[in-house]
Amino acid sequence: MPVTVKLVLGGTFDPCHIGHINSARALMELFPGSEMVLVPSKTPPHRDKPSASPEQRFDMLRLATADVPGLECDNCELGREGHSYTFDTLAGYRRVMGEDPLVFVMGSDAWVTLPSWYHWRQLCDLSHLLVMTRPGGNILEEPAELKEWAQSRRVRETDQLLLAAAGLICHVTLPQYAVSATEVREAVSRGESTKDMLHPDVADYIARHQLYLDNDNHGK
Ligand code: ATP
């Protein structure tokens with residue numbers, strides 16, 4: 001029986017942009033037959049203004065993913081009481097997946113912050129970790145404890161992730177899309193075009209709901 005791989009990309013998605021979607025497409029090509037799900041996180045209090053509400057971020061995710069076969073979004077973290085952790089999300093997927101491979105995907109900027117995440121070492125008990133190089137060429141320093149912890153788990157080839165349910169770490173460089181949600185919010189607030197950064201339906205949604213107009217980047 002073929003192995004079913006589930007890929008999970010967490011993020012704020014404020015808003016979802018072509019860097020997310022095109023990276024997701026490239027990842028699903030790397031793992032033929034895989035399913036991929038985008039999971040928006042709750043917004044920490046310091047990011048609330050001028051960001052979109054959780055419901056608006058989820059609406060935009062749905063619009064951005066609607067025409068991509070195999071790509072879904074899941075609002076499981078938004079509905080949770082209290083804090084909402086990646087650990088709990090991956091535990092939920094693991095419960096329904098049996099021994100099939102689960103791959104949590106993150107950009108290299110998120111990877112270097114991993115030691116501040118809830119139960120970060122236990123994430124590998126539930127899932128593999130796949131780190132995508134983030135465009136921009138910045139060399140991000142890995143904290144020493146992360147480097148040491150990751151050393152014995154690293155594999156070079158993404159195919160190796162198919163051989164186990166969880167526990168491995170792989171770094172990949174996909175086609176690079178040099179766009180961030182910060183740049184999108186800034187462009188909208190300056191009245192500049194976001195045509196090359198967003199799905200047209202997401203751009204329409206932002207205009208209709210007058211999002212990010214007074215962005216002063218406190219959200220970052
Ligand atoms: P912000 O600029 O507000 O920080 P962002 O563009 O980084 O937002 P997030 O929602 O925080 O978007 O990103 C979710 C995940 O996707 C993170 O792991 C991030 O590293 C990754 N990611 C975001 N943009 C890209 C991109 N252009 N290429 C590759 N990975 C990306």
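For clarity, every value in this text was computed on a predicted model and none was experimentally measured. Just follow the structure's listing: the first ligand is 1, and inside any ligand the first atom is 1. Reckoned from all heavy atoms, side chains included, excluding hydrogens, waters and symmetry mates.
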- Message: Salt bridge check, Lys147 against Glu142: does any charged N sit closer than 4.0 Å to a carboxylate O?
- Response: no
- Message: Taking 4.0 angstrom as the limit and counting only heavy atoms of Asp109, give me the atoms of ligand 1 inside it, by number and element.
- Response: 19 (C), 20 (O)
- Note on the structure: Counting from 1 in the order shown, the ligand 1 atoms closer than 4.0 Å to a non-hydrogen atom of Arg185 are 3 (O)
- Task: Return yes when Gln176 approaches ligand 1 closer than 4.0 angstrom through a heavy atom, no otherwise.
- Result: no
- Message: Would you compute the distance between atom CG of Leu7 and atom OG of Ser23 and round it to the nearest 0.5 angstrom?
- Response: 12.0 Å
- Query: Any N or O on Ala110 sitting closer than 3.5 Å to an N or O of ligand 1?
  - Reply: no
- Message: Taking the basic N atoms (NZ, or NE/NH1/NH2) and the acidic carboxylate oxygens, is any pair closer than 4.0 Å for Arg134 and Asp109?
- Response: yes
- Looking only at side chains, do Asp67 and His199 share a donor and an acceptor under 3.5 Å apart? yes
- Query: Would you call Arg62-Glu72 a salt bridge at under 4.0 Å N-O?
  - Reply: no
- Heavy-atom proximity to atom 17 (C) of ligand 1 ranks first, among Ser41, Cys16, Gly107, for Gly107
- Just let me know how Ser23 lines up against ligand 1, side chain, backbone, both or neither, with a heavy-atom cut-off below 4.0 Å. side chain
- Task: Please check if any side-chain donor atom of Glu183 sits under 3.5 Å from a side-chain acceptor atom of Ser180, or the reverse.
- Result: yes
- Any donor and acceptor pair, going by atom type alone, linking the side chain of Ser108 with main-chain N or O of Thr133 inside 3.5 Å? no
- Element-labelled atoms of ligand 1 that are located less than 4.0 Å from some non-hydrogen atom of Phe13: 10 (O)
- Item | Close N or O approach (Ala178, ligand 1; < 3.5 Å) | no
- Item | Polar contact flag for Thr133 and ligand 1 (N/O pairs, less than 3.5 Å) | no
- Sub-4.0 Å atoms of ligand 1 with respect to non-hydrogen atoms of Leu9: 15 (C), 16 (O)
- Task: Start with the C-alpha gap between His17 and Thr194, add the side-chain angles, then the distance that decides, and say whether side-chain contact (heavy atoms from CB on, under 4.5 Å) holds.
- Result: CA-CA 10 Å; His17 52 68; Thr194 53; over 6 Å; no
- Short N or O distance, Arg134 and ligand 1, threshold 3.5 Å exclusive: yes
- Hey, which atoms in ligand 1 end up nearer than 4.0 Å to a heavy atom of Gly11? 10 (O), 14 (C)
- Message: Is there a polar contact, in the sense of an N or O pair closer than 3.5 Å, between Ala181 and ligand 1?
- Response: yes
- Examine the side chains of Arg154 and His171 and answer whether a donor and an acceptor come within less than 3.5 Å of each other. yes
- Output field: ring centroids Phe13/His20 closer than 6.0 Å: yes
- Which ligand 1 atoms are under 4.0 Å away from a heavy-atom of Ser180? 2 (O), 6 (O)
- Just which atoms of ligand 1 are under 4.0 Å from any heavy atom in Gly10? 14 (C), 15 (C)
- Would you mind listing which atoms of ligand 1 come within a distance below 4.0 Å of any non-hydrogen atom of Met106? 18 (O)
- Please work out which of the three classes, parallel, tilted or perpendicular, describes the rings of Tyr85 and Tyr118, given edges at 30° and 60°. parallel
- Message: At under 4.0 Å between heavy atoms, is it the side chain or the backbone of Glu183 that contacts ligand 1, or both, or neither?
- Response: neither
